[in-house]
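One structure is given here, and the rest of the page talks about it.
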Amino acid sequence: MEKLIIGDDLGRALSQELNLPFVSVEGRVFADGEIQPRLEKEEKAQEVILIIQKKQKEDINAYLIKYFLLLRKIKEFAEKTIAIMPYLPYARQDSIFREGEPLSSLYIAELIEENADIFITCNMHEHRKKIGDLFKIPAYNIFVFEDMAEKFKDFLPSDSVVIGPDEEAKAFVDNFCKNFLAAKIVIKKTRDFKTGKINFIYPEKMAERLKEKDVIIVDDIISTGNTILETAQAIKTFQPKTISFAFVHSIFGDKAIDQLAVVNPKKIVFTNTLENSYYTVDIVKSFARNLLEKKII
Ligand code: R5P
């Protein structure tokens with residue numbers, strides 16, 4: 001067999017998009033926490049694409065071990081492996097903040113490239129390190145804000161303002177506005193390291209620029225939800241008409257989304273890079289498109 005996709009429900013969907021054969025992964029967790037994934041059947045293939053999504057109740061480290069075990073298993077029979085991790089864990093540990101810490105993002109990349117030939121992820125957190133700084137194998141960081149902007153087709157770009165909550169979010173705002181020509185604002189975020197309190201520094205004329213506008217706050221990750229919620233609460237004081245959110249990865253799944261209700265959002269758009277029940281942008285379509293457009297397969 002030439003090409004084969006191995007994975008979970010995302011893998012099955014990708015195989016349908018690309019019209020390629022599919023083998024699913026099943027597995028069990030033993031009482032002591034050890035993980036034993038298993039390929040439903042062993043098929044020899046020249047090129048294998050492995051895609052697995054982290055499940056809501058799954059521990060992030062258990063997900064990583066499962067992924068590594070499968071990559072290593074596939075190496076036994078495939079000539080080439082394309083590893084797709086919709087969300088790359090540990091990418092935020094991209095610097096040594098205190099002496100003695102491991103540079104975890106780099107070490108995780110090293111473990112992946114030990115057993116893969118190509119790596120693909122989606123909106124990896126690229127604050128201090130770009131994907132090419134971590135991986136020596138060809139690696140692709142697929143941006144999906146452009147796809148998320150499609151979900152705002154019922155908004156008038158001329159009445160809308162797309163806001164990034166910190167300077168790193170400028171790239172997200174630009175990608176979102178590629179075909180959605182709204183006004184853009186990037187806020188500067190500082191954090192008091194003692195109290196943890198976030199402080200925002202705004203560009204000029206915020207009140208004038210936001211009053212009665214449809215505001216869309218965009219970010220790559222929501223984890224505790226504090227950044228995006230505090231941004232929304234601060235933005236509310238400028239009296240916009242509506243507030244919406246667009247973000248890629250919802251680390252705490254449904255729980256993180258539920259808490260956004262306090263600011264009465266008009267729309268919340270996000271993906272299924274991590275398992276959740278409410279996603280509106282299916283990442284599989286972006287992966288399929290990019291695999292073909294970038295001639296990876
Ligand atoms: C920060 O640099 C990221 O882009 C996100 O803003 C951050 O990870 C969100 O985390 P939380 O939801 O815990 O505030």
Side-chain angles (χ1 to χ4, degrees), residues 54 56 59-60 63 85-98 101 103-106 108 121-131 133-134 141-146 148-149 161-177 184-203 215-236 243-263 265 268-276 278-279 281 283:
K54 182 197 155 310
Q56 283 212 58
D59 173 77
I60 197 116
Y63 165 77
M85 264 187 176
Y87 171 74
L88 175 62
Y90 286 83
R92 285 181 291 180
Q93 295 188 34
D94 58 356
S95 185
I96 296 172
F97 298 98
R98 285 178 308 166
E101 288 174 356
L103 186 50
S104 304
S105 59
L106 181 69
I108 293 289
T121 191
C122 179
N123 278 98
M124 170 196 135
H125 195 75
E126 282 188 320
H127 281 198
R128 287 156 287 253
K129 295 244 182 312
K130 302 281 175 219
I131 196 161
D133 301 325
L134 297 183
N141 189 22
I142 293 169
F143 269 53
V144 292
F145 285 102
E146 210 183 323
M148 292 200 280
V161 184
V162 180
I163 298 187
D166 53 30
E167 284 168 315
E168 288 81 18
K170 181 178 180 308
F172 314 149
V173 172
D174 287 342
N175 187 231
F176 190 96
C177 292
K184 306 179 198 174
I185 292 180
V186 177
I187 297 171
K188 200 168 166 194
K189 181 179 87 180
T190 59
R191 194 183 287 273
D192 183 319
F193 284 107
K194 276 195 198 133
T195 61
K197 199 175 168 339
I198 296 175
N199 183 39
F200 295 111
I201 301 165
Y202 303 111
V215 164
I216 306 162
I217 302 173
V218 301
D219 208 352
D220 54 349
I221 298 173
I222 75 164
S223 180
T224 60
N226 288 347
T227 303
I228 212 160
L229 257 186
E230 289 187 35
T231 308
Q233 273 153 347
I235 293 298
K236 258 200 150 159
I243 295 185
S244 297
F245 299 103
F247 50 87
V248 182
H249 311 292
S250 174
I251 300 218
F252 287 120
D254 297 348
K255 240 200 286 177
I257 315 306
D258 289 343
Q259 65 176 354
L260 297 178
V262 297
V263 290
I268 307 177
V269 169
F270 60 101
T271 76
N272 54 346
T273 53
L274 294 145
E275 187 194 36
N276 65 81
Y278 313 137
Y279 72 89
V281 173
I283 214 66

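Read the numbers this way: they start at 1 and go in the same order the structure lists the ligands and their atoms.
Between His125 and Asp220, the side chains place a donor N or O and an acceptor N or O closer than 3.5 Å (distance only, hydrogens not considered).
Tested against Ile235 for a side-chain contact (heavy atoms from CB on, under 4.5 Å), the candidates Val161, Val263, Ile187 yield a single pass: Ile187.
Ring-plane geometry between Phe172 and Phe143 is classed as tilted, the angle between the planes lying from 30 to 60 degrees on a 0 to 90 degree scale.
Residues Phe176 and Lys184 fail the side-chain proximity criterion, which asks for heavy atoms closer than 4.5 Å.
At a heavy-atom cutoff of 4.0 Å, ligand 1 is surrounded by Arg92, His125, His127, Asp166, Asp219, Asp220, Ile221, Ile222, Ser223, Thr224, Gly225, Asn226, Thr227.
Atom OG1 of residue Thr121 and atom CG of residue Leu88 lie 5.0 Å apart, to the nearest 0.5 angstrom.
In this structure, the side chain to side chain contact (heavy atoms under 4.5 Å, CB included) partners of Thr224, at least two apart in sequence or on a different chain, are Asn226.
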